[in-house]
Each structure stands twice: as structure tokens, then as C-alpha cells.
Number of protein chains: 2
Amino acid sequence: MSAEKIKNSAASLFAEHGYAGTSLAQISEQVGIKKPSIYAHFKSKEHLFSALLDDAFASELRILYGQSSLFELLNNYVKRHANDALFRFLITSSFFPPDHLKEDILNRYYDYLDAMEKKTGEILQDGIEAGTIRNIDIADTAAMYTIILDSILVELCYGSRERTEKRLDVSWRFFWNSIRKGEKEHD
Amino acid sequence: MSAEKIKNSAASLFAEHGYAGTSLAQISEQVGIKKPSIYAHFKSKEHLFSALLDDAFASELRILYGQSSLFELLNNYVKRHANDALFRFLITSSFFPPDHLKEDILNRYYDYLDAMEKKTGEILQDGIEAGTIRNIDIADTAAMYTIILDSILVELCYGSRERTEKRLDVSWRFFWNSIRKGEKEHD
DNA sequence: ATAAAACTAACGAACGTTAGGAAGGTGTTT
DNA sequence: AAACACCTTCCTAACGTTCGTTAGTTTTAT
């Protein structure tokens, strides 16, 4: 299916150069078709972008709900960033949305964050009940987890793998050290 | 001076719409001159952008070196974001640089981060010697501080003041709680 | 008088988009 | 089985607009 090829190319190009910085000519060239052929599959540049957004948010939610470990979820983001153009597209578009979709994207992103804080809260609650996590304030801790996640996403944007891994290591040690159960809470 | 007016308008437009998303027509219109008049002050769109970058990095370093409190430095970022277009321009351009300057910006941004981690390390060292901070690993802690800073910058990008303040509050409590001296380290 | 800073006019290139038609496959009617 | 209409997908050609930029000229200030 050529529509899928268009989506793939568009996702990686939008992710790298942004909405305004990506032309239909670039996309069609990467796919190997002529520029107007895109219109056989998508009504406009905006519609193509919106279709990608739908895919990206849906995919992200699916992955989120399949996760049950806070560390693995973080790790999952790092791993996917290298190969998943749709994921990179989503990060870029959330950080830097085109004008006409700013509000829409923001709302959907906040919805996603809410879903994630809810999910995070559930995992924390499980940990408390299982006795592996101290009796922390769940809302605050979930918020702190989101903070760490965002900082990981930032580092992913800059593209240095080693910096990201280091950041993941440091932030997780701080975070885990703050919530884990144990007689000695700092090393 | 009209060159300054151009810089101001360009900074806020670049910050909001990005390099590719901002046209010289928009800039000149906001300044109140005709489009070609920009060329009396800047050789090209790229040169205008580069001039802004120089200003922004210089300004940021100056502010960084004038700071002596880790919390105040964070707070300073939040406060400036509302009024300082050059600062917003710097964040946007660092997160999402135009292609032809990607490498240059990245290097300068890393230099800035290094300067900040160094400065952070000094402040932490002072705190340890003064007895207000525990005997933590300075490099790790400075890295963690940068993580928190980045997450604040992310939230600033999304523009919700209250979310930013909440994030500042939560992250600082976690951070400070992890490094401050005190018989009881968690509430 | 001289130089800087603004203007009008226009350039070629690139943009997103539309019109109109050719090629190929699918299913229905004779 | 052959002929038909139909729809999808791709094409070429071209549209109007906007882009960054240049040339040449006039205004403004020193």
C-alpha cells in the first residue's frame, strides 16, 4: 500500500524538519512517486499530518497500557526512539506543533499525560501494597516521574545516545532512591 | 535603532513559529517596514537568525554567571520566559534548530550545559562546605539538576503557567530533599 | 555632501494544490 | 468469454501564491 509508504516517509521528515520545514516534494521524492500523487491518498498536507497524529497518539496509548514497570516504560521510550519514526514525529509535533493544530495537539498531549500519570499511579500503588515502595505521596511521585520522562524525551531530541543513557541512569537512581523501601535510603 | 526592532520581532516570531515557519514578510510587517528594508541591516534570513543566536547565548551565559542559588536560577528561567523573547527564541531554536545550523547550535548548547553543570557543581561544593548540603556526588547531582531544568523548560514550552509552577515545586522538593542535610530526609 | 535606511518593482524558485488524462484492476452486464 | 462501466492510482501540466533576494531609487539624518 502506497498510503503507508507516504505516512512512513512523512513521519520521519516531519519529525526531523517540522511541519513548515517539510514539503510535499520531499515526501513524494522519498516515496518514489510524483508530488500530486499524494493527493490520491490524502486531501491535503494538513490532512496527512492529522492522520499521522491520530496514528501516533493511538499507538502511544496502546504501548502505555501494555506496560507494567516504570523503568521499562522509560527504557521503552529510549529504545523506540531509534527505530520508530512515528514516535519521533509525535515528540517533535508535541514540542513544536504547527500553528493550526497547536490547541488540538496540546489537548491530546495533556490527555496522554493524564493517562500516563494515572497509569503511573496504579503501578506505584501496586508497589506500595507489595511492600517494595515506601508510603510516598502518589500524586507527587507520579508528577516527578513525568518530569523525568520529559527530560529523557528532551535528551532524545538532541540525539546523543550516550547522554540519554547517562541521563536515564542518573535520574532513575535519584527517583528510585527516593521511593524504594529500605533501611538506608541514600548511598 | 531599527535593527533592534527587527531583532525583537524576529526573536518572538522565530520562537513561536520556528525558522521555516517565519517569513521575512511577517517580521517586516510587525516592525512596520517593508520586506526588503530588512536587508539594510542583515545580509540574509540566515544571518539574522545567527545574529539572534549570538545574542541569546551571550545573554544566557551572562545571566548564568550572575546567579548563586540553584533554586533562584530555576525560578529565573520561569520568570523570564514570559517577557524575554530572546530566551524563548533560544529554547525553541535549541529544541528544534533549522537544518543548516543544527550542528552549530548543538555544540553551543552543549557548551552552555557544560558551563551550567560547572557552575552548579561550584554552588553544590559551596553548600557542602557550608554544611547545608550532604556529602553527595557532585557530578551526579549536577546532572540531576540539569534534568530538572530541562523538564522545566519543556513545561514552559507548553505555556501553562500553573503546570510549570507545580512542576517547579514538585521537582525542587524531590531534589532538595535528596541533597539537603538533616536528620530526617523524607517527610 | 555623504552615507545610511527606507522605498518600489521585480526576479526566479519553491510552495500547496487542481485539472485532466492514462494505466490497471474489479465486478457486472450482454 | 467478451465488452462494459467503474474506481483507484499514478501521471503531466499548470495554476496562483508566497518565499528569499536583488536592483535601482528616493528619503532621511549627520
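Note on naming: letters A, B, ... go to the chains in the order of the sequence lines (proteins, then strands), and numbering restarts at 1 for each one. Since we're looking at a predicted model, the values are computed, not measured.
- We find that CD1 of A/Ile33 is positioned 6 Å from P of D/dC11, with the value rounded to whole Å.
- Salt bridge A/Lys118/A/Asp114: absent, no basic N to carboxylate O contact under 4.0 Å.
- Remark: B/Ser37 is in phosphate contact with C/dC7, judged by side-chain N or O atoms under 4.0 Å from OP1 or OP2.
- Dashed line: the shortest gap from a side-chain N or O of B/His41 to OP1 or OP2 of C/dA6 is under 4.0 Å.
- In this structure, B/Glu29 atom CD and D/dT18 atom P are separated by 12 Å, rounded to whole Å.
- In this structure, A/Ile38 places its CD1 atom 12 Å from C1' of D/dC10, rounding to the nearest Å.
- Residue B/Ser23 is classed as a sugar-phosphate contact, given heavy-atom separations below 4.0 Å to backbone atoms only.
- Residue B/Ile138 is tested with B/Gln125, B/Glu117, B/Glu122 for a side-chain contact (heavy atoms from CB on, under 4.5 Å); the sole match is B/Gln125.
- As rounded to whole Å, 12 Å separates atom P of C/dA14 from atom CD of A/Gln26.
- In this structure, A/Trp176 and A/Trp172 have parallel ring planes: the angle between them is below the 30° cut-off, well short of the 60° mark.
- Taking the six-membered ring for Trp and thresholds of 30 and 60 degrees, A/Tyr19 and A/Phe49 have ring planes more than 60 degrees apart, a perpendicular arrangement.
- Using cut-offs of 30° and 60° for the angle between ring planes, the A/Tyr77 and A/Phe87 rings count as parallel.
- Using a 4.0 Å cut-off between a side-chain N of Lys or Arg and a carboxylate O of Asp or Glu, A/Asp169 and A/Arg173 qualify as a salt bridge.
- A heavy atom lying under 4.0 Å from DNA chain D marks none of the residues of residues 5-18 of chain B.
- A/Thr22 comes within 4.0 angstrom of sugar-phosphate atoms only, judged by non-hydrogen atoms across all strands, and of no base.
- In this structure, a donor-acceptor pair under 3.5 Å is present between the side chains of B/His47 and B/Ser44.
- When the C1' atom of C/dA5 is taken as reference, atom CZ of B/Phe42 falls 13 Å away, rounded to whole Å.
- Remark: B/Arg161 engages B/Glu165 in a salt bridge, criterion side-chain N to carboxylate O under 4.0 Å.
- Rounded to whole angstrom, the span from the OH atom of B/Tyr19 across to the C1' atom of D/dC19 amounts to 11 Å.
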Polar atom pairs (N or O), protein with nucleotides 21-25 of chain D, under 3.5 Å:
residue, atom, partner, partner atom, Å
D/dT21, OP2, B/Tyr39, OH, 2.6
D/dT21, OP2, B/Lys45, N, 2.8
D/dT21, O5', B/Tyr39, OH, 2.9

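- In this structure, A/His47 places its NE2 atom 14 Å from C1' of C/dT17, rounding to the nearest Å.
- Between B/Asp84 and B/Arg88, no side-chain nitrogen of the basic residue sits less than 4.0 Å from a carboxylate oxygen of the acidic one, so the salt-bridge criterion is not met.
- Look at CD1 on A/Ile27: it is 15 Å from C1' on C/dA14, rounded to the nearest Å.
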